[in-house]
Structure formats: C-alpha cells, structure tokens
Participant: 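Sharing a structure below in structure tokens format, with a few things to ask.
Every value quoted in this text rests on a predicted model; they were computed, and no experiment measured them. Below, each value reflects all heavy atoms present in this structure, side chains not excepted, and no hydrogens, waters or symmetry copies.
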Amino acid sequence: MSEVSASRVVEMLPSISGVTLDSRRVQPGWLYVALPGTTTHGANFIAQAVVAGAIAVLTDVAGAQLAGEVGIPVLTVANPRAVMAAVAAELYGRPADALLMLGVTGTAGKTSTVALLEAGLAAVGRRVGTIGTMGFFFENQKITMQRSTVTTPESPDLQDLLAQLRTMGADAVAMEVSSHAISQARIAEIGFQVAGFTNLGHDHFDYHQDIQGYFQAKAELFTSAYTQCAVVNIADPYGACLAEQIRQANKVRLVTFSSKGDADYTITSLSDTNDGRRRLQLKTPTGVHDFALSLLGDFNVKNALLAAAMFDQVEVSLEAALPGLEKVQIPGRMQRVSLGAGAPNLVVDFAHTPETVTQALSSLPKTRRIAVLGCGGDRDREKRQPMGQVAALNADVVIVTDDNPRSEDPGSIRAQVLTGAQRGAKVSGAQVIECGDRREAIALALDLARLEDWIAILGKGHESGQIVRDEILPFDDVDVATQLWAHGSAAEMGQ
C-alpha cells in the first residue's frame with residue numbers, strides 16, 4: 001500500500017462523474033471518499049459504496065488498511081479532505097472563480113454580517129447568493145438541498161451549491177466560514193476576494209480542544225492563500241493578534257476596523273432615532289458616511305461596520321450600498337417579536353456562548369430583563385456554567401430550560417447552567433428559576449413580564465425544531481411565544 005499524489009487523483013477526473021463522503025449518496029461512476037468519523041471510519045461502508053456504483057475510493061492510510069481488497073481502486077492520500085475539495089471544484093467547473101466571493105468568520109456575528117452584506121450588494125444591483133447557518137438563498141429565495149453541516153457545507157455540497165448559484169445568475173456570494181470548514185478543507189479550492197473577522201470567544205472546544213486551537217483554525221483563513229484581503233476587528237483581543245499574524249505572514253492585504261477608533265474604519269458618531277433605529281457616522285480612508293440601522297445591539301453596529309469595510313475593498317459604492325442596510329431584520333438574530341397591544345417586549349436570539357449571551361442581554365434597554373436560557377447537549381460542556389453566570393449578571397430573572405439536549409440527560413445540562421446562574425445571582429441579586437420544558441419556560445416568562453419589561457429567549461434563534469435523542473421535535477421560539485400570548489393564558493398553552 002502506498003500513497004498517491006493529489007494530482008494523480010485529479011488525473012482520474014474524466015472517468016469520475018461525482019464525489020461524495022456519504023456512502024448512501026453514491027451513484028454509478030462516482031468517487032467515494034472514506035473519512036474517519038467520530039464513531040467509525042467511512043472505510044467501513046466501502047462495500048455499500050461499491051454496490052451503489054462507486055468506481056474508486058479516496059481515503060487515508062487507516063481507511064486503506066480497513067478497506068482491504070474491494071474490487072475498485074483505493075487511492076490513499078495524506079489529506080483526503082483537501083483532495084476531495086480539489087476533485088469537487090474541478091467536477092463543478094470551479095464556480096467560485098466566476099463569482100465575487102465574500103467570507104465571514106468569527107464566533108459571533110457571521111450570520112448577521114452575511115445578511116448585511118447581501119442587503120448592501122443587492123442595493124447596488126448585484127445578484128447575491130448567501131450560504132450559512134440560516135440555509136442557502138439566492139436573492140432571498142431559499143434553495144432546497146441536503147445540508148451536510150450546520151454552517152459551511154462539505155466541499156462537494158459547497159461546490160455543487162456554488163455551481164447552482166452561478167447557473168441561476170448569481171454574480172456574488174456572501175458566506176459564513178466556520179472554523180470546522182477551515183480546518184477540514186471544505187473551502188480549500190475557494191478564493192475569497194475579501195474575508196472578514198468578527199470576534200473570538202468560547203465555542204467549539206469539543207472540537208478544537210482550547211481557545212488557541214480555535215483561534216489558529218480561524219486564522220488560517222487569513223494567513224493562507226484563501227483570501228486576497230482581510231478585514232479584521234482589532235477591538236477584539238484575538239482580532240488584534242490576528243492582525244499581527246497577517247502582518248507577519250505578509251501574504252494578505254490587511255484592513256482594520258474598530259468601533260473604538262484607531263483603525264482604518266471606525267464609528268465616529270452613534271445615536272438613536274425617533275423610529276427606533278440607530279444612526280451611525282462611519283469614518284473611512286476615503287471619507288465619512290452616514291446611515292441608519294434597525295438591528296438592536298452594539299454588536300450589530302460592529303457587524304455593519306465590518307460589512308461597510310468589506311464593500312469598500314471590492315469597489316462597491318458605500319453611498320449606494322449603505323442604505324440597503326437600514327431595514328435588515330434577521331430571523332433569530334435579536335429578532336423583535338411583536339405580540340400585540342399590551343404585551344411586553346420580546347426578542348429571540350441565537351446566543352449560545354457566554355459572550356453572545358452577554359451581548360444579547362446587555363443590548364436591551366435598561367429596564368427589567370427576563371432571560372430564557374438553555375444549552376445544547378453533546379456540545380462544549382465548559383461553556384454551560386459561564387453562560388448561566390453571565391445571564392444572571394445581565395438579567396433580572398433567568399429561567400433555565402432545555403435547548404437541544406440531544407443524547408444527554410436534560411436535567412444534567414440544566415444543573416450545570418443553574419450552577420453558573422446561581423453564582424452570578426449572588427452578585428446581581430437576579431432571580432433564578434429552573435423550568436425544564438421549554439414551552440412552559442416561555443409561558444412562565446410571559447406570565448412574569450410586565451408591559452415595559454424585555455424578554456430574551458436565547459439559544460435556538462431561527463431553529464424550527466428541538467433535538468431530543470434521535471428525534472427533531474417541532475419547536476419554534478417565535479411561534480411558541482406568539483401562540484402563548486395569543487391564547488392569553490400560559491397555563492392553557494403549557495398543557
């Protein structure tokens with residue numbers, strides 16, 4: 001058994017009609033990529049792929065050892081994910097090369113920034129596709145296709161999607177780039193004209209082990225051949241470190257932004273308007289621009305600043321693009337939910353890290369705040385206590401409930417969040433309540449709230465299902481809250 005080069009695999013392309021890492025999706029003439037998984041190696045499914053019509057297998061050394069004699073070529077490479085990306089790009093005609101590609105990475109703000117980029121590009125007449133946690137869209141119309149991951153698709157699906165967008169008439173794509181996508185070479189064959197960095201906080205330690213591993217995964221997007229221009233938030237400590245790495249690597253043009261000043265792009269004035277928006281004055285290397293923003297939160301001001309800086313790097317007129325940002329609303333991202341006359345104020349947000357919980361709650365008006373909060377199962381356990389703690393430091397009432405428990409015991413997850421919340425409550429005096437059933441927790445928040453209060457339902461955001469063991473049960477925070485209030489009685493809806 002010996003390894004072959006990536007170029008040798010690409011040489012086989014004329015005889016390959018498709019590529020996938022899912023043996024269930026193999027079709028006749030396809031290349032099956034057998035990768036190590038969390039519980040088993042894809043090589044264990046080679047026989048299934050052969051029956052389905054695979055003409056070759058691409059794998060690593062461990063996979064080749066598991067494969068044995070299978071009757072078709074088993075191509076062994078050091079980095080099968082990178083080769084898979086190259087094969088997929090070639091099979092789909094390298095669609096990214098014909099598109100304006102804008103990428104956004106960071107712990108928080110990716111989805112919101114992509115939405116702002118789409119709005120600004122559309123305002124100047126660009127035909128825009130978007131890729132990210134919310135799904136895949138072209139000119140705000142959803143594209144239905146099988147998702148291989150939550151945020152950034154695996155390379156075969158990503159190249160397929162880009163080819164579809166190009167065929168539909170897209171000339172620009174704004175996409176979220178997850179740390180997994182960078183470290184797993186999902187974007188290996190995509191060149192971004194500009195990529196933006198929002199911030200870095202505690203997330204995905206179940207995969208990256210620690211903050212340094214997480215940071216270095218993000219940094220690779222900006223210090224390799226992926227990106228022509230990097231737009232970096234230097235007000236964030238890790239952003240400042242990233243900017244220095246970019247300078248030292250000297251491979252990518254660096255542009256900086258900061259809401260605190262002392263950067264290429266800054267905010268020089270910020271005020272509230274009578275209609276509930278925020279008016280910003282943006283200072284750039286070429287002049288000053290004014291625009292308004294409907295999105296709540298100082299962090300969304302930073303996201304808008306990033307979008308504006310990215311526009312400027314691809315010669316998109318700020319005068320024409322910035323008005324497009326003014327009415328952007330994003331499902332599940334500080335989404336204002338109108339319950340009707342006499343109702344308390346309500347927002348739904350995807351906040352699922354200590355930093356984003358803090359941002360979401362601190363961005364609300366300084367009245368009584370009620371937080372409904374849970375943590376997902378089978379994910380980074382280390383962030384659960386800190387999430388509970390910062391919720392209690394920034395809200396008057398914290399209702400600890402279930403999020404997506406997955407295979408874990410929901411009570412055990414809540415206990416960890418409660419420990420942190422009770423620690424924070426010793427400082428703030430917040431009331432901490434445990435209510436495992438998420439519907440009942442939302443009902444309780446509505447019952448406790450007064451007219452001027454603000455309720456923040458955190459964690460699930462735009463999601464329309466709750467993952468319990470192997471089931472996805474229908475559950476939408478916005479719909480549930482709206483139904484509860486419409487029925488007028490939390491008790492009625494909680495039954």
Participant: Ignoring hydrogens and angles, tell me if any N or O in the side chain of Tyr32 forms a donor-acceptor pair with the backbone of Gly42 under 3.5 Å.
Facilitator: yes
Participant: Could you walk me through whether Asp402 and Arg414 pass the salt bridge (charged side-chain N to carboxylate O under 4.0 Å, His left out) check?
Facilitator: CA-CA 7 Å; Asp402 294 344; Arg414 292 196 304 274; 2.7 Å; yes
Participant: Please name the residue in the list Leu418, Thr401, Leu448, Ile370 that meets the side-chain contact (heavy atoms from CB on, under 4.5 Å) test with Ile433.
Facilitator: Leu448
Participant: Could you check whether any side-chain N or O of Arg81 sits under 3.5 Å from a backbone N or O of Ala185, counting only pairs where one atom can act as donor and the other as acceptor?
Facilitator: no
Participant: Measuring only between side-chain heavy atoms, which start at C-beta, is Asn303 closer than 4.5 Å to Asn300?
Facilitator: yes
Participant: Are more than 12 heavy atoms from other residues, nucleotides or ligands located less than 6.0 Å from atom CG of Asp409?
Facilitator: yes
Participant: Looking only at side chains, do Gln466 and Asp403 share a donor and an acceptor under 3.5 Å apart?
Facilitator: no
Participant: Would you find a donor on one side and an acceptor on the other, under 3.5 Å apart, between the side chain of His180 and the backbone of Ser178?
Facilitator: no
Participant: Are any side-chain N or O atoms of Ser407 and backbone N or O atoms of Arg469, one a donor and one an acceptor, separated by less than 3.5 Å?
Facilitator: no
Participant: Looking at Arg406 and Asp378, is any side-chain nitrogen of the basic one under 4.0 Å from a carboxylate oxygen of the acidic one?
Facilitator: no
Participant: A side-chain contact here means heavy atoms from C-beta on lying under 4.5 Å apart; do Gln159 and Pro95 qualify?
Facilitator: yes
Participant: Looking only at side chains, do Ser258 and Tyr265 share a donor and an acceptor under 3.5 Å apart?
Facilitator: no
Participant: Check whether Asp171 reaches the backbone of Arg127 with its side chain - one donor and one acceptor, N or O, closer than 3.5 Å.
Facilitator: yes
Participant: Look at Asp157 together with Arg25 and state whether they make a salt bridge at an N to O cut-off of under 4.0 Å.
Facilitator: yes
Participant: Ile182 and Glu220: which non-hydrogen atoms are nearest, and at how many Å?
Facilitator: CG2-CB, 3.7 Å
Participant: Going through the distances and angles, do Ser294 and Glu326 end up as a side chain to side chain donor-acceptor pair (under 3.5 Å)?
Facilitator: CA-CA 6 Å; Ser294 296; Glu326 296 194 359; over 6 Å; no
Participant: I'd like to know whether Met387 forms a side-chain contact (heavy atoms from CB on, under 4.5 Å) with Cys375, so could you lay out the CA-CA distance, the side-chain angles of the two residues, the decisive distance to 0.1 Å, and finally the verdict.
Facilitator: CA-CA 8 Å; Met387 284 175 63; Cys375 285; 3.5 Å; yes
Participant: Are side-chain heavy atoms of Gln245 and Phe215 found at a separation under 4.5 Å?
Facilitator: yes
Participant: Regarding Arg333 and Asp349, does a basic nitrogen lie under 4.0 Å from an acidic carboxylate oxygen?
Facilitator: no
Participant: Donor-acceptor pair, Thr356 side chain versus Thr353 backbone, under 3.5 Å?
Facilitator: yes
Participant: Are Val301 and Leu270 side-chain neighbours, meaning at least one heavy-atom pair lies under 4.5 Å?
Facilitator: yes
Participant: Are any side-chain N or O atoms of Thr20 and backbone N or O atoms of Val26, one a donor and one an acceptor, separated by less than 3.5 Å?
Facilitator: no
Participant: More than 12 heavy atoms of other residues, nucleotides or ligands under 6.0 Å from CD of Glu471: is that the case?
Facilitator: no
Participant: Is there a side chain to side chain donor-acceptor pair (under 3.5 Å) between Gln385 and Arg423? Walk through the geometry before answering.
Facilitator: CA-CA 9 Å; Gln385 288 191 31; Arg423 185 184 303 127; 2.8 Å; yes
Participant: Between Tyr214 and Thr107, does a side chain to side chain donor-acceptor pair (under 3.5 Å) hold up when you go through it step by step?
Facilitator: CA-CA 10 Å; Tyr214 183 36; Thr107 301; 2.9 Å; yes
Participant: Is the shortest heavy-atom distance from the side chain of Leu306 to the side chain of Asn233 under 4.5 Å?
Facilitator: no
Participant: Can a salt bridge be assigned to the pair Arg278 and Asp298 using a cut-off of 4.0 Å between side-chain N and carboxylate O?
Facilitator: yes
Participant: If only atom types and distance count, is the side chain of Gln141 paired as donor or acceptor with the main-chain N or O of Phe137 below 3.5 Å?
Facilitator: no
Participant: Using a 4.5 Å cut-off on heavy atoms from C-beta on, say whether the side chain of Leu458 contacts that of Leu361.
Facilitator: yes
Participant: The test is side-chain contact (heavy atoms from CB on, under 4.5 Å); show your working for Met175 and Phe192 and say whether it passes.
Facilitator: CA-CA 10 Å; Met175 65 177 284; Phe192 294 95; 3.8 Å; yes
Participant: How far apart are the closest heavy atoms of Ala308 and Leu282, and which atoms are they?
Facilitator: CB-CD2, 3.5 Å
Participant: Using only heavy-atom distances, determine whether the side chains of Arg24 and Gln48 contain a donor-acceptor pair under 3.5 Å.
Facilitator: no
Participant: Please test Met168 against Glu139 for side-chain contact (heavy atoms from CB on, under 4.5 Å), starting from the C-alpha separation and ending with a verdict.
Facilitator: CA-CA 10 Å; Met168 295 167 74; Glu139 296 185 330; over 6 Å; no
Participant: Would you please classify the geometry between the Phe197 ring and the Phe222 ring as parallel, tilted or perpendicular, with 30° and 60° separating the classes?
Facilitator: perpendicular
Participant: Starting from the C-alpha separation in whole Å, work towards a yes-or-no answer on side chain to side chain donor-acceptor pair (under 3.5 Å) for Lys302 and Ser259.
Facilitator: CA-CA 6 Å; Lys302 298 173 187 176; Ser259 60; 4.6 Å; no
Participant: Say whether, by atom type as modelled, one donor and one acceptor occur between the side chain of Asn394 and the main chain of Val390 under 3.5 angstrom.
Facilitator: yes
Participant: Less than 3.5 Å apart, any donor N or O on the side chain of Thr133 or Glu176 sitting next to an acceptor on the other?
Facilitator: yes
Participant: What's the shortest heavy-atom distance between Ile455 and Ala445, and which atoms?
Facilitator: CD1-O, 3.6 Å
Participant: Between Leu35 and Met84, which heavy-atom pair has the shortest distance, and what is it?
Facilitator: CD1-CE, 4.3 Å
Participant: So, for Gln313 and Cys229, which heavy atoms are closest and what is the spacing to 0.1 Å?
Facilitator: CG-SG, 3.8 Å
Participant: Do Ile246 and Val232 make a side-chain contact, defined as non-hydrogen atoms from C-beta onward lying under 4.5 Å apart?
Facilitator: yes
Participant: Is it true that a side-chain atom of Lys460 and a backbone atom of Gly332 form a donor plus acceptor pair closer than 3.5 Å?
Facilitator: no
Participant: As a quick check of understanding, evaluate side-chain contact (heavy atoms from CB on, under 4.5 Å) for Val348 and His462, giving each step before the final call.
Facilitator: CA-CA 8 Å; Val348 170; His462 64 285; over 6 Å; no
Participant: Name all residues meeting the salt bridge (Lys or Arg N to Asp or Glu O under 4.0 Å) criterion together with Glu408; count only those two or more places apart in sequence or in a different chain, and write none if there are none.
Facilitator: Arg381, Arg384
Participant: Does a salt bridge link Asp437 with Arg439, judged by any charged N lying under 4.0 Å from a carboxylate O?
Facilitator: no
Participant: Hey, are the side chains of Phe136 and Lys142 touching, using non-hydrogen atoms and a 4.5 Å cut-off?
Facilitator: no
Participant: Please find the pair of heavy atoms, one from Val128 and one from Ala122, that lie closest to each other, and give the distance.
Facilitator: CG2-N, 4.1 Å
